[in-house]
Chemist: 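Handing you this structure, nothing more for now.
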Number of protein chains: 4
Amino acid sequence: MQHSSLLLQLSPSSGEPIYRQLIEQIKRMIASGQLNAGDYLPSVRQLAVELEVNPMTISKAYGFLESHGDVSRIRGKGMMIAELAHEENVAARLQKLSPLAEILVQQCQQLGLNKQQTLEWLTHKLEKELK
Amino acid sequence: MQHSSLLLQLSPSSGEPIYRQLIEQIKRMIASGQLNAGDYLPSVRQLAVELEVNPMTISKAYGFLESHGDVSRIRGKGMMIAELAHEENVAARLQKLSPLAEILVQQCQQLGLNKQQTLEWLTHKLEKELK
Amino acid sequence: MQHSSLLLQLSPSSGEPIYRQLIEQIKRMIASGQLNAGDYLPSVRQLAVELEVNPMTISKAYGFLESHGDVSRIRGKGMMIAELAHEENVAARLQKLSPLAEILVQQCQQLGLNKQQTLEWLTHKLEKELK
Amino acid sequence: MQHSSLLLQLSPSSGEPIYRQLIEQIKRMIASGQLNAGDYLPSVRQLAVELEVNPMTISKAYGFLESHGDVSRIRGKGMMIAELAHEENVAARLQKLSPLAEILVQQCQQLGLNKQQTLEWLTHKLEKELK
DNA sequence: GTGGTCTAGACCACG
DNA sequence: GTGGTCTAGACCACC
């Protein structure tokens, strides 16, 4: 049972609304199995304190996740990852990176970069953070 | 010299405001040398028709570029790439991809993907579009 | 005299809290004489099992009914329909449908339906269930 | 083009959240053709003043309608009834009364009322308000 | 304890 | 002008 500090990172000034960032990040954590069916999300108030945002902002994100069937509201207990939210395989998870890849390709074209230059640089970047 | 159809791709529904998409894309094309000092941008009206966007939106983007010194408004002729807008070297251009790389790393972590899986997939994606 | 399965139908997902549904339904059954003074309500545990609801929820409803004088808590025996809970005449019972009628009228107006269409359809619906 | 006072009636104390009441009522008005594709809803601020509720409450309702495809947000102009929102025939509209009819039947049963009594009374009620 | 709703008022982004 | 987001703080309902 998961009930506390998730690996959530907000960019309050990114233009992307905070509640949207939360939705997308939590969805990814469900897809990857870091959050499993039956786990509980942190409570609205707790997460609001941790992330230093207004509880209503958290609530808005949770509401969206509920209305899309990703989590279920359990009266008096909190928000539980829905049963039908299943762990997806690696290929399916990679697929979720597609929108990013499209942007990457477009920006590389406009910067006049070639494939090799880009990949070397990306490899360097990823090595610092991922294993 | 350059006065017509640029390689601009808009995502009207992406949340990213259209005029902002234009600014960033044109800046990248200047940085990469696809647009050179002295070249003219397409006219507001022409670009508005091409991209099926309100002329005000184009105008707003051009105004932004002018106020940041990237282009100069030449009365009666249009918007010209400014003299001081210099072609940057490859390293500097790659640096412009950094924000994207940060998002990429974060999404990979949340999707539970490792470096190798991600790079193989990205290589595949880039090969289809870049040379 | 009456001690078991009442004609209670719950809509757990209806927004209307469960304990409130219980209260209103039991009150109507008292008003109509389907539950008479001296009858006993099903035990909290029994009803909880039948309706697949948390016993606390039943208990809350019973507590409410007691505090409003509709039933009396008889130690060691259960909840008994109170003496002063009287059978109301038909007109009074129909009056209890008024809130529903108001909603019905409003929804018909917004759906652009006229009186005749609505009544024909309601007649059809009622015929299937009532005698 | 519709841009002002709709026939909306709120029951602030009904338990049913205000934004939900708005959603359901507007949906019904679309179904009945009182709001047609291309019409604009009143602006958030205008409706907030008319109904004496907080603009955010209106905005919440509009957001839901948009996310369900009933209306489209037109930048700088407001919320427009979506093209695919079609006028439904009478039978389909009557069908939307079904949830109400089920509650009606249940309450009549529990009040020990018969079909004839109920219909006479409903006829009387409807005559006063509908034509 | 849990989430849900609402208010009042502020600021932002877009056209 | 339009809608969107966020805050701070209040109150409610359910368990």
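Everything numeric here is computed off the predicted structure, so don't read it as measured data. All chains are named by letter (A, B, ...) in the order of the sequence lines, taking the proteins before the strands, and each is independently numbered beginning at 1. Just so it is clear, the values below take in all heavy atoms, side chains as well, and ignore hydrogens, waters and symmetry mates.
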Chemist: CG of A/Leu47 versus C1' of E/dT2: gap in Å, rounded?
Modeler: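 Between C1' of E/dT2 and CG of A/Leu47: 14 Å.
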Chemist: Specify the residue among A/Gly76 and D/Gly76 whose closest nucleotide of DNA chain E lies further upstream toward the 5′ end.
Modeler: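 Its nucleotide being nearer the 5' end, the pick is A/Gly76.
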Chemist: How close or far is atom C1' of F/dT5 from atom OH of D/Tyr62, stated in whole angstroms?
Modeler: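 Going from D/Tyr62 (OH) to F/dT5 (C1'), I get 18 Å.
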Chemist: For F/dT5, take OP1 and OP2 only and decide whether either is under 4.0 Å from a side-chain N or O of A/Tyr19.
Modeler: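 Result: yes.
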Chemist: Is the backbone of C/Gln106 close enough, under 3.5 Å, to the side chain of D/Gln9 for a donor and an acceptor to pair up by distance?
Modeler: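 Side chain of D/Gln9 to backbone of C/Gln106, a donor-acceptor pair under 3.5 Å: no, none is there.
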Chemist: Under 3.5 Å, side chain of B/Gln107 to main-chain N/O of A/Lys96, donor-acceptor pair present?
Modeler: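 Checking the backbone N and O of A/Lys96 against the side chain of B/Gln107, no donor-acceptor pair under 3.5 Å is found.
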Chemist: Taking D/Met79 as the fixed residue, which of D/Ile74, D/Leu41, D/Asp39, D/Asp70 is the one that meets the side-chain contact (heavy atoms from CB on, under 4.5 Å) rule?
Modeler: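 Answer after filtering D/Ile74, D/Leu41, D/Asp39, D/Asp70: D/Leu41.
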Chemist: Under the 3.5 Å rule, do the base of E/dG4 and the side chain of A/Arg73 count as making a donor-acceptor pair?
Modeler: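 No such pair is found, so the answer is no.
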Chemist: Taking the minimum atom-to-atom distance to the side chain of D/Ile18, which one of F/dA8, E/dC6, F/dC6 wins?
Modeler: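 When the side chain of D/Ile18 is considered, E/dC6 is the closest of F/dA8, E/dC6, F/dC6.
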Chemist: Between A/Arg20 and C/Met56, who's closer to the 5' end of DNA chain F by nearest nucleotide?
Modeler: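 Nearer the 5' end of the strand: A/Arg20.
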Chemist: Does F/dG4 have OP1 or OP2 under 4.0 Å away from a side-chain N or O of D/Ser59?
Modeler: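 Yes, D/Ser59 has a side-chain N/O under 4.0 Å of OP1/OP2 on F/dG4.
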Chemist: Just wondering, more than 12 heavy atoms not from C/Arg20 lying within 6.0 Å of its CZ?
Modeler: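 Enclosed.
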Chemist: Please state how far atom CD1 in D/Ile58 lies from atom C1' in F/dT2, giving the value in whole angstrom units.
Modeler: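 These atoms are roughly 15 Å apart.
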Chemist: Return the value, rounded to whole Å, for the distance between atom CE of A/Met80 and atom P of E/dG1.
Modeler: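 So the CE-P distance, A/Met80 to E/dG1, works out to 22 Å.
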Chemist: Between atom CD1 in A/Ile74 and atom C1' in E/dG3, what is the gap in whole Å?
Modeler: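 For the pair A/Ile74 CD1 and E/dG3 C1', the rounded distance is 12 Å.
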Chemist: Can you check the D/Lys60 NZ to E/dG4 P distance for me, whole Å?
Modeler: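 So the NZ-P distance, D/Lys60 to E/dG4, works out to 8 Å.
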Chemist: Quick one: A/Leu10 CG to F/dT5 P, roughly how many Å, whole number?
Modeler: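 It is 15 Å, rounded to the nearest whole Å.
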Chemist: For DNA chain E, which consecutive runs of 3 or more Watson-Crick or G-U pairs (each distance under 3.5 Å) count as stems?
Modeler: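 So the stems come out as E:1-14 with F:1-14.
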Chemist: Among F/dG4, E/dT7, E/dG4, which nucleotide sits nearest the side chain of A/Arg45?
Modeler: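 Given the options F/dG4, E/dT7, E/dG4, the side chain of A/Arg45 is closest to E/dG4.
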Chemist: Going by distance alone, is a donor N or O of one side chain under 3.5 Å from an acceptor N or O of the other, for D/Ser14 and D/Glu16?
Modeler: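 Distance-only check fails for D/Ser14 and D/Glu16.
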Chemist: For D/Val44 and D/Pro55, work out which heavy atoms get closest and say how close.
Modeler: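 Minimum heavy-atom separation between D/Val44 and D/Pro55: CG1-O, 3.4 Å.
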Chemist: So which one's nearest nucleotide on DNA chain F is more toward 5', A/Val53 or D/Met79?
Modeler: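 Upstream on the strand: D/Met79.
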Chemist: Of all the choices, F/dT5, E/dT5, F/dT7, which nucleotide is nearest to the side chain of A/Asn54 once you look at every atom?
Modeler: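 From the listed options, F/dT7 comes nearest.
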Chemist: Looking at F/dT7, F/dG4, F/dG3, which one has an atom nearest to any side-chain atom of A/Thr57?
Modeler: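 Among the listed nucleotides, the one closest to the side chain of A/Thr57 is F/dT7.
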Chemist: Nearest 0.5 Å please: distance from the OH atom of A/Tyr62 over to the OG atom of A/Ser67.
Modeler: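 It comes to 14.5 Å.
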Chemist: Could you state the CZ-P distance from D/Phe64 to F/dT5, rounded to the nearest angstrom?
Modeler: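 Those two atoms, CZ and P, are 13 Å apart.
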Chemist: Is it the case that the side chains of B/Gln110 and A/Gln25 hold a donor-acceptor pair, with the cut-off being a distance below 3.5 Å and no angle test?
Modeler: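 There is such a pair (donor and acceptor under 3.5 Å, judged by atom type) between the side chains of A/Gln25 and B/Gln110.
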